[in-house]
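Because only heavy atoms are used, hydrogens play no part in the values below, and waters and symmetry mates are left out as well, while side chains stay in.
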Amino acid sequence: MADVSVQSDRRSGGIMINDDWPGYSLDLFSYPAHYSGDLDSVIIPHGVIMDRTERLARNIMDDLGDHDIVVLCVLKGGYQFCADLVDKIKALSCSCDHTIPMRVHFIRLRSYLNDQSTEDLHILGAEDLSFLAEKNVLIVEAIVGTGKTMETLLKHVETFRPKMIKVAGLLVKRVSHNSACLPDYVGFEIPNYFVVGYALDYNEYFRDLNHICVISESGKLKYKI
C-alpha cells in the first residue's frame, strides 16, 4: 500500500497521503454511534496520529535544542494536537538531558462557514502578544490549507518581535493555491478533503471523534447552519 497510496515524504513535508487513497472502512474502527452515516472513511487512525506526533516532538527537540519556547496553540481545532505534542516533548525531556522548557498560550482563528473558508479572518486572544518579544515561538495548528490564514497569523506575531518562529502543523492540504507559508513540521500531507475528528470540527460537531475522518455529504447537510 505504501508505494501507491501512502508515502513517507521528506522530513519537513510529513507523510504524504495520495489522492487515490480511499481511506479505511469505518467498520474497522470504533467511533461514536451518533455519527453513523455522517462519515465516509477513516483517513488517519488515532494510533497513527500519536506515533507521528511523537516523531514531530523528536524533530522539534533536535532543532530547538535547550531553548525556552512559548507554544501558541491555535484553537479550537489545534487543542488536541497541541496537548499531545507538548506531552510527547515533556516525556522525551524526562528521559534524557535534552530539555525544552515550555509555556503555552492559546489563541483562536475563525474563518470557516460550514465547509468553506472565508476571507473574514478573526484572531482572538492575540491582541497583545508583547510577552513574545525576544522569545522562541512554536505555533501549533491542526490543519493548513492555502496557507493564507497562517501567513496572516505569522505577520501578526512578527509585529511583537519574537526571536524565532517555528510552525508545527498536523495536516497540510494539497490545494491548487498553496502559498509558500507552510509549517516547518508537518504530520501528514492530505488530499483536499474536508476532514473532521481529533478536535477538527464541522460547525462544532465531530470534535469528540478520535480518528481523522472524511465527512460525508449527508453529514454536511445534517449539521449545516
Side-chain angles (χ1 to χ4, degrees), residues 1-2 4-7 14-56 73-88 106-118 120-122 124 140-146 149-150 168-175 183 186-225:
M1 180 186 69
V4 295
S5 296
V6 181
Q7 302 174 7
I15 296 174
M16 185 172 67
I17 300 177
N18 289 347
D19 291 340
D20 58 357
W21 167 233
Y24 296 99
S25 169
L26 294 164
D27 294 336
L28 297 174
F29 300 91
S30 296
Y31 64 97
H34 51 267
Y35 293 137
S36 179
D38 301 333
L39 304 167
D40 278 340
S41 64
V42 175
I43 190 169
I44 310 174
H46 183 258
V48 178
I49 299 170
M50 298 304 292
D51 285 350
R52 181 60 183 151
T53 299
E54 182 174 0
R55 179 68 261 184
L56 292 180
C73 175
V74 180
L75 299 174
K76 294 182 181 178
Y79 80 82
Q80 191 63 65
F81 174 49
C82 183
D84 288 335
L85 182 63
V86 169
D87 282 348
K88 296 291 186 185
F106 299 93
I107 61 175
R108 184 176 177 186
L109 305 182
R110 185 182 296 168
S111 63
Y112 267 85
L113 178 64
N114 295 314
D115 62 343
Q116 299 297 315
S117 180
T118 70
D120 191 16
L121 174 66
H122 298 279
L124 308 176
V140 179
E141 172 67 290
I143 188 165
V144 176
T146 64
T149 297
M150 182 56 63
L170 179 62
L171 306 175
V172 169
K173 283 187 181 182
R174 282 192 303 279
V175 296
V186 177
F188 304 87
E189 182 184 312
I190 66 172
N192 190 18
Y193 299 148
F194 193 91
V195 295
V196 293
Y198 195 64
L200 294 169
D201 78 305
Y202 177 78
N203 293 331
E204 297 300 328
Y205 291 92
F206 302 101
R207 294 195 195 276
D208 55 340
L209 181 63
N210 285 334
H211 315 294
I212 294 177
C213 300
V214 179
I215 188 173
S216 66
E217 290 302 317
S218 59
K220 290 179 184 179
L221 289 174
K222 181 177 178 180
Y223 300 110
K224 185 176 181 179
I225 59 174

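No option in Asp19, Asn18, Asn192 other than Asp19 meets the side chain to side chain donor-acceptor pair (under 3.5 Å) test with Arg174. Of the residues Ile212, Leu200, Val74, the one that meets the side-chain contact (heavy atoms from CB on, under 4.5 Å) test with Ile143 is Leu200.
Here the closest non-hydrogen pair linking Phe81 and Val140 is CD2-CG1, 3.5 Å. Contact record, Ser41 with Pro22: OG-O, 3.4 Å, taken as the closest heavy-atom pair. In plain terms, the two heavy atoms of Ala199 and Tyr79 that are nearest each other are CB-CE2, 3.5 Å. For the pair Tyr198 and Gln80, the tightest heavy-atom approach, listed with the atom from each and the gap, is CE1-CG, 3.3 Å. Minimum heavy-atom separation, Gly77 to Ala142: O-CB, 3.3 Å. Here the closest heavy-atom approach between residue Ala168 and residue Pro183 is recorded as C-CB, 4.3 Å.
Separating the CD1 atom in Ile49 from the CD atom in Glu54 is a distance of 14.5 Å, to the nearest 0.5 Å. The structure places NE2 of His211 at 13.5 Å from CD1 of Ile43, a figure rounded to the nearest 0.5 Å. In this structure, CZ in Phe29 is found 12.0 Å from NE2 in His46, a value given to the nearest 0.5 Å. We find the CG-CD1 distance between Asn203 and Ile225 to be 4.0 Å, quoted to the nearest 0.5 Å. Within the model, atoms CZ of Arg52 and CG of Leu171 stand 11.0 Å from one another, a figure rounded to the nearest 0.5 Å. From Ile215, atom CD1 reaches atom OH of Tyr202 across 6.0 Å, with rounding to the nearest 0.5 Å.
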*Would Tyr31 and Asn210 count as a side chain to side chain contact (heavy atoms under 4.5 Å, CB included) if you check the C-alpha gap in whole Å, the side-chain angles of each, and the deciding distance to 0.1 Å?*
CA-CA 7 Å; Tyr31 64 97; Asn210 285 334; over 6 Å; no
*Where do Ser216 and Leu39 land on the side chain to side chain contact (heavy atoms under 4.5 Å, CB included) test, with the steps shown first?*
CA-CA 5 Å; Ser216 66; Leu39 304 167; 5.7 Å; no
*Under the side chain to side chain contact (heavy atoms under 4.5 Å, CB included) criterion, do Lys88 and Met50 qualify, and how do the steps go?*
CA-CA 9 Å; Lys88 296 291 186 185; Met50 298 304 292; 3.9 Å; yes
_Evaluate Trp21 against Ile190 for side chain to side chain contact (heavy atoms under 4.5 Å, CB included), listing each step before the verdict._
CA-CA 10 Å; Trp21 167 233; Ile190 66 172; over 6 Å; no
_Does Tyr193 form a side-chain hydrogen bond (donor to acceptor under 3.5 Å, both in side chains) with Asp40? I'd like the steps, not just the answer._
CA-CA 11 Å; Tyr193 299 148; Asp40 278 340; over 6 Å; no
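Here the side chain of Ser218 pairs a donor or acceptor atom with the backbone of Gly37 at under 3.5 angstrom.
At a cut-off of 3.5 Å, with distance as the only test, no side-chain donor of Asp38 or Tyr205 sits close to an acceptor on the other residue.
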